[in-house]
Each structure stands twice: as C-alpha cells, then as structure tokens.
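A short write-up of the structure that comes next.
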Amino acid sequence: MRDYIRISGKDNVIVALRDLAPGEELVIPAEHAGGPAGTASVAIRVAEPVPAGHKMAIAPVLAGGEVIKYGSCIGIAKEDISAGAWVHVHNVRTALDGMKDYVYEPAECARAAETGVSESRSVHSSECVEESRKAEDGVPEGRMPTSAADEAGRAGGCGRGAVFQGFRRPDGSVGVRNEIWIIPTVGCVNGIAEALARGARGRIFGSVEDVVAFPHPYGCSQMGDDQEHTRTILADLVHHPNAGGVLVLGLGCENSNIGELKPYIGKYDEGRVKFLVCQECEDELAGGAVLLDELIRYAAGSERETVPAEKLIIGLKCGGSDGFSGITANPLVGRFSDLLIAEGGTTILTEVPEMFGAETLLMNRCKTRELFDQTVSLINDFKQYFIDNRQTIYENPSPGNKQGGITTLEDKSLGCTQKSGTSPVCGVLSYGERVSVAGLNLLSAPGNDLVAATALAASGAQIVLFTTGRGTPFASPVPTVKIASNGGLAGKKKNWIDFNAGIVLDDITSDEAGEQLFSYVLSVASGEKVCSERAGYHDMAIFKQGVTL
C-alpha cells in the first residue's frame, strides 16, 4: 500500500494511508510541495504523529491561509503550519459562516450533459441512456473484491440493459423484497405491532419473505409540521413497493388515527392494504392475525421476474465517516450512481447539513435554473432551521468523524457529496415527497442516520447504500448496504459490513470497482440479504422539529 494520497493536484495536504511516525521521510514531487514543476522530488520529514486517514501538510500554510483538499478550501489555518505537520482541528477552523448568496454557474451540468445523460424522465420510463463519463482525476483507482452476487445480478453487468429479479406491483412500481409490513399510526400500539409480527412470521409461505413491524414514538401529541411529517412518512411507507402487503395498525383516539391518515394514503389496493383499530376490536391480536393471514395469501401471489435496472431507486447515505470515506467509499458510490443513471435508473442524495461547504458543486450541476433555485431553497431552509433553533449552522463533524480524520464541515461535505457522482441534478424533493423523475435527486432531510435513511425509503428508495468509516449495525425500512471505507473496519465487523471499499487503494481500475459494486447491488435487488437483514434488524425514524403536547 502507498504511504499517502494527494487527492487533487491543487491540494497542500496529503492523506496518510497508514500511521506516519515522526522522523519518517516521504518523497513528494517538488511541484506538489510548492516547488517549480519539473524539478526533482523532495523529501518531507514527518514532524509529529499523523494517524491513518488524517492530513499532513506538504507545503507551508500561513496563519489565515487556506487548507486545500479535494482541490477546494476545507478550512483556514489558525496558526502557521509547516510542511510535515499534522493538520487537524487543533490548527484548522471552518471557513463557513452564516448565509450565502448563490449564483447559477452550470458548467458542471453542461459537462455532464455531454456524456449523453438523457433529459429528465419519469421513474417508470423505459428509455435507456448512454453511460456517464468517468470520474474526474484525483479519485484513486482501485479494485473491489468479488462479491457474493447471485447469477441473476451478475448477468446484468454494467452496460446498457442491466437487469435484476424484482416484484412488479400493479401501480407500475417494483419491489426488491416481498414483505408484510405492520405500520403503527401511534407509539401506543408498538408492542401490539411487534407481537403480531412475531406471531405471523411462522405462517409465511411462498414468495413472502418476512413480516416486519415499524414501531415509532409519534402519531399523537404532535402539532404543525411534526404531525404532517408523521402522516406523510407513514403514508409513503404504506405505498412502498418492497411491501407486498401492509397492515395499518391504529389505536383509535390518536391525532393521526386511521381516519385522519387515509386522505394522506389516497388510493390503495384493498387486497394489499388492511386497517385495524385496536379500540374497536375485542381481541386485537386475534383480529390482527386474521388480517395478516389475508395479506400473506395476497402477497404470496407475487413472484420475482426479470426487471430492467432503470426501475431501481437507490438512496445514498453516509454515516460515521473517516478520512478514507472521501477517497474510497463515497467516490465508489458516486461511480455506482452514474452507472445506474446511465441505465435510466434513479439515485437520491440527502443529508442537507452535510452538503454545506460543497453545495455549489451540486447547484452548478442542476439541469435547469428552476432546479438551481430549488436547491438554493433546500440549503437555505435548512440553515434557517438551525438559526430558528439558535444552533450553530456549521456545528459538525461529530467526535467520531474527527477521530477518523475529518477536520471541518467542508472536509466532510466535500467527501460526502462525492456519493452523487457526476450526473446532473434532475429533481429536488421536500421531506416525505416521493420521487417522480429519474436521475439524480436531492432530498431534504437531516444527517441523522436513522432519520435520513427512513426519509430515503419514504421517497421510494428500494435500497440504501450507506458508506461508513466507523461502522454501524443499524438498518432502515429497506435493505441497507453497509460499505466500509477501509479494510480494517471491513475485516473487524464482518457481521455489519456488506462491501469493502478499502480495496479501492489496490491495483485495479475504478471502473472495475464500480462494476463490482453495481453487480452486488443487482444481487441485493434480486434477493440477496444484507448483514442487517440477516440479523433481523429493521429500523425507522421520523424527523421531529417541534412541540410535543
């Protein structure tokens, strides 16, 4: 393995790929260390311990000067930083402050359009498009391990015409699972929902894969946006194609009771969706069991069939990032996103507070001025949310992020947004809004792992790709693929991690790495269980902002 990586030719820091000890000498091309191009390499002596994933200066940075990583400013030097010094929170501060004015400069969007990515289209469109251009220089090439992808996924490949084995639903959507979901309208019936799920699992048959309850603490004593969010997210989950059948379980007296929720649900298939009000039933467990058996029989009539990859909607999320996340896992997911969009598919990027500092890169990839204006509102509305609650807008990264080598929010955001690849932004979604346009979409939701992943599922994602440098066992309402940024994590937590992006630093091309991730996702879409599913984990969380009565 190499000792370090310099992500962009503009950077005045490198990222250590292993622990660097004081006194070691790293050979750096002279022009990278501030010398004239074409001159001999120079040796820079490591001045202090630099942990793997952390940054080291390769040229002096004066106090008040910019620290450059990813070719962009990630912060301001608090003091003079000499070549060979460890660069982190002790000597760098954020350069972000307050609201900004934005100007639409769609150069990135124009370059993406040159690749042949098609115009915006419905998520149900059958139109195929050309493969998007390769990633920019500065993303390290590497090899991914062969996955355990099944032949159905592997046969699809990464070119035009990729397929998977999914469940076609009458409304035109496609599920990658055929589960029975129990959705409580209020936290008071969580225990009943979980008891019903446990009892029904032994009665599933045919293509039905599981019975899952989604407990949550909301549905009553809420006001305003909080109540609207709860109703919207629950209604979204009722319509999710990964559910072959849904039991909506209410108490009866709650604010978001079934009568109130039905207008949010709208039109539904009476064979697929059943309702039970516990206060109106003498024995809710017996009554629920009868309804679940009806739903199991209904869902068992569905079978997997060959479906084009354009029907996939994949959520993009990261959590517990480290200094390798922006070098390995996030760029690899971005490559996947471009490949899926080239097939006519859809990806959704969220975590708005972790776009701060890199938001202009996304704004300038918006296909239209209207989308740019919507993205500006997406960013500024979230900043205003922080201001309204008297919180610092740029209070990020987390302690775990810092321990892993991320210094400022700009450092984190420039790495996080790489999950979006290079394709143009084709849609901007409000919280709880279901995706309607294929291609790259931006979704309003916070950075919290459970809230953001649930929001992705509610917007229609059948699978969430979750990159991590620290590791996490959590799940979401849909299969949640954990992608480790480094081999150490992947080796240590094999029961959590589904894919090791740390191998990207080895000796094959990034194209091959992207193809292997694409193939693995097709296998998951075709039924291969991810670690959290095998462990029986299913989580959901709703974004709460306001007063509880």
Side-chain angles (χ1 to χ4, degrees), residues 4-8 10-22 24 26 44-98 318-330 351 353-359 383 386 391-418 446-449 467-472 485-486 488-489:
Y4 70 89
I5 186 168
R6 187 174 185 235
I7 299 170
S8 167
K10 300 177 182 178
D11 294 354
N12 54 17
V13 296
I14 56 174
V15 178
L17 299 181
R18 60 170 178 82
D19 291 344
L20 302 179
E24 286 190 71
L26 301 182
I44 297 180
R45 189 177 300 275
V46 180
E48 55 192 313
V50 181
H54 286 241
K55 296 172 288 296
M56 187 190 87
I58 56 172
V61 183
L62 298 178
E66 293 185 343
V67 176
I68 307 297
K69 181 184 175 187
Y70 301 109
S72 298
C73 175
I74 64 162
I76 303 299
K78 297 178 184 178
E79 58 191 48
D80 290 347
I81 300 174
S82 60
W86 177 35
V87 177
H88 201 33
V89 294
H90 60 288
N91 54 12
V92 180
R93 63 171 176 82
T94 181
L96 300 175
D97 183 25
C318 61
S321 300
D322 69 354
F324 292 111
S325 295
I327 298 171
T328 59
N330 291 343
E351 303 178 275
E354 294 176 22
M355 298 175 188
F356 297 166
E359 67 268 39
K383 289 181 179 179
F386 280 70
Q391 300 299 317
T392 305
I393 294 176
Y394 304 113
E395 187 59 40
N396 212 329
S398 69
N401 296 152
K402 294 174 183 177
Q403 185 178 350
I406 295 175
T407 300
T408 62
L409 182 52
E410 301 98 297
D411 193 359
K412 187 175 186 179
S413 295
L414 287 162
C416 286
T417 53
Q418 291 189 59
N448 178 271
D449 292 348
T467 65
T468 177
R470 311 297 294 174
T472 178
S485 70
N486 62 86
L489 172 61

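- Using modelled atom types, no side-chain atom of S325 and backbone atom of S485 make a donor-acceptor pair closer than 3.5 Å.
- Between the side chain of T392 and the backbone N or O of Y394, no donor-acceptor pair lies under 3.5 Å.
- Side-chain contact between E354 and C318: present, with at least one pair of heavy atoms (C-beta onward) separated by less than 4.5 Å.
- Considering CH2 of W86 and NZ of K55, their distance stands at 9.5 Å, rounded to 0.5 Å.
- Remark: P49 pairs with P22 by the side chain to side chain contact (heavy atoms under 4.5 Å, CB included) rule, at least two apart or across chains.
- The shortest side-chain heavy-atom distance between T328 and N486 does not fall under the 4.5 Å cut-off.
- Atom-to-atom distance recorded for I58:CD1 and Y4:OH is 7.0 Å, nearest 0.5 angstrom.
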Which donor-acceptor pairs under 3.5 Å do the side chains of residues 60-85 make with protein atoms, sequence neighbours left out?
from : atom 1 : to   : atom 2 : distance (Å)
K69  : NZ     : D411 : OD1    : 2.9
K78  : NZ     : V89  : O      : 2.8
D80  : OD1    : A63  : N      : 2.8

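- Panel note: side chain E24, backbone V46; no donor-acceptor pair is recorded below 3.5 Å.
- Within the 3.5 Å criterion, the main-chain N or O of V50 finds no donor-acceptor partner in the side chain of H88.
- Looking at I7 and V15, their side chains come closer than 4.5 Å, going by heavy atoms from C-beta outward.
- Summarising the geometry, atom CD1 belonging to I44 is positioned 5.5 Å from atom CE belonging to M56; distances are rounded to the nearest 0.5 Å.
- Side chain of D11 to backbone of R6: no donor-acceptor contact under 3.5 angstrom is found.
- With respect to E359 and K383, a salt bridge is recorded, a charged nitrogen being found less than 4.0 Å from a carboxylate O.
- Atoms CG and CZ, on L20 and R45 in that order, are 13.5 Å from each other to the nearest 0.5 Å.
- Here the CG atom belonging to D322 is positioned 6.5 Å from the CD1 atom belonging to I406, to the nearest 0.5 angstrom.
- Here L489 contributes atom CG and T468 contributes atom OG1; the two are 6.0 Å apart, rounded to the nearest 0.5 Å.
- Looking at every heavy atom in both residues, S413 comes nearest to P353 through OG-O, 4.3 Å.
- Partners of E410 under the side chain to side chain donor-acceptor pair (under 3.5 Å) rule, at least two apart in sequence or in another chain, are T94, T408.
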